[in-house]
Amino acid sequence: VPAGAQMTESGLAFKILKAGEGKEKPSKWDKVKVDYTGWQSSDGKMFDSSLKARRPGQAPEPAEFALFQVIPGWTEGLQLMVAGEKRRFWIPGNLAYDGQDGRPQGVLVFDIEVLKIGQ
């Protein structure tokens with residue numbers, strides 16, 4: 001666990017980078033809008049970010065999804081957050097993509113900022 005990080009029972013580690021507003025936290029059935037960047041812990045290589053354009057000439061766009069639709073580390077971690085909050089997560093492989101071909105393996109690091117909770 002990185003220095004100063006907290007850890008859940010599942011092994012998900014996190015640090016709060018920016019406090020949010022309010023008390024409402026999403027359930028796994030709620031839809032959220034987030035900005036995020038993900039790196040492989042092993043080599044620090046960024047593999048995905050909502051802050052980069054998906055296609056040349058296109059503006060970057062936040063991601064929107066229901067929490068049950070993403071990797072278990074995101075589903076668990078985002079339920080701890082409120083709107084406006086930004087956290088860094090260290091997600092162990094078993095809560096991410098381990099065993100899935102063509103996906104990053106091992107511990108993944110994500111900076112996630114919740115922009116909106118709900119529709």
Side-chain angles (χ1 to χ4, degrees):
V1 181
Q6 299 175 56
M7 186 180 282
T8 68
E9 282 186 31
S10 70
L12 178 69
F14 64 88
K15 279 186 184 178
I16 297 172
L17 303 178
K18 183 180 100 179
E21 311 96 34
K23 293 181 170 46
E24 182 191 356
K25 296 176 182 178
S27 78
K28 73 176 189 176
W29 306 110
D30 284 330
K31 199 171 179 183
V32 294
K33 182 186 278 191
V34 302
D35 269 328
Y36 69 91
T37 301
W39 302 268
Q40 293 182 164
S41 167
S42 58
D43 59 8
K45 181 180 174 210
M46 184 180 78
F47 60 84
D48 195 10
S49 178
S50 67
L51 303 173
K52 286 178 46 183
R54 297 276 172 213
R55 295 180 199 90
Q58 185 181 34
E61 290 184 359
E64 289 189 74
F65 51 83
L67 293 191
F68 71 88
Q69 297 175 305
V70 291
I71 60 173
W74 274 48
T75 302
E76 179 183 351
L78 283 160
Q79 289 181 82
L80 304 172
M81 299 177 71
V82 297
E85 186 173 350
K86 184 174 185 177
R87 291 189 187 204
R88 176 165 292 159
F89 289 99
W90 289 266
I91 302 178
N94 65 313
L95 297 177
Y97 300 112
D98 275 7
Q100 295 181 33
D101 287 343
R103 297 290 201 152
Q105 301 296 302
V107 175
L108 305 181
V109 182
F110 282 97
D111 283 358
I112 304 174
E113 182 172 7
V114 175
L115 304 174
K116 184 178 173 190
I117 297 171
Q119 299 301 325

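When reading the values below, keep in mind they use all heavy atoms of this one structure, side chains included, and skip hydrogens, waters and symmetry mates. Every value quoted in this text rests on a predicted model; they were computed, and no experiment measured them.
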- Message: Working note: E64 + K33, criterion side-chain contact (heavy atoms from CB on, under 4.5 Å); need CA distance, chi angles, decisive distance, verdict.
- Response: CA-CA 4 Å; E64 289 189 74; K33 182 186 278 191; 3.5 Å; yes

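- Note: D35 CG to L115 CG = 4.5 Å, rounded to the nearest 0.5 Å.
- Using modelled atom types, one side-chain atom of S49 and one backbone atom of Y36 make a donor-acceptor pair closer than 3.5 Å.
- The cluster map of Ile, Leu, Val, Met, Phe, Trp and Tyr, joined by side-chain heavy atoms under 4.5 Å apart, puts F89 and I16 in different clusters.
- One hydrophobic cluster, built from ILVMFWY side chains closer than 4.5 Å, cannot hold both L51 and V114; they sit in different ones.
- With sequence neighbours excluded, the residues satisfying ring pair (Phe, Tyr, Trp, His ring centres under 6.0 Å) with F110 are F47, W74.
- Applying the side chain to side chain donor-acceptor pair (under 3.5 Å) rule to T75 yields no partners; only residues at least two apart in sequence or on another chain are considered.
- Nearest heavy-atom pair, V34 versus S50, reported as atom, atom and distance to 0.1 Å: O-OG, 4.0 Å.
- Pairs engaging residues 93-111 under the side chain to side chain donor-acceptor pair (under 3.5 Å) rule: R88-D111 [sequence neighbours left out].
- When every heavy atom of A96 is checked against every heavy atom of I91, the shortest pair comes out as CB-CG2, 4.0 Å.
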- Could you give me the CA-CA distance, side-chain angles and deciding distance for V32 and M81, then say whether side-chain contact (heavy atoms from CB on, under 4.5 Å) is met? CA-CA 11 Å; V32 294; M81 299 177 71; over 6 Å; no

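- Between the CD atom in E85 and the CG atom in L17 there is a gap of 9.0 Å [rounded to 0.5 Å].
- Contact between Q40 and P104 at its shortest, heavy atoms only, is OE1-CB, 3.2 Å.
- Here I112 contributes atom CD1 and L78 contributes atom CG; the two are 5.0 Å apart, rounded to the nearest 0.5 Å.
- When all heavy atoms of L80 and R87 are compared, the pair lying nearest together is O-NH2, 3.1 Å.
- Within the structure, every pair that satisfies the ring-ring contact (aromatic ring centres under 6.0 Å, His included) test and touches residues 2-32, not counting sequence neighbours, is listed here: W29-F68.
- Rounded to the nearest 0.5 Å, atoms CG (D30) and NZ (K25) are 13.5 Å apart.
- Applying the side chain to side chain donor-acceptor pair (under 3.5 Å) rule to pairs touching residues 9-21 yields T8-S10, S10-E76, K18-E113, sequence neighbours excluded.
- The other residues sharing a hydrophobic cluster with W90 are W39, M46, V107, V109, where clustering joins ILVMFWY side chains under 4.5 Å apart.
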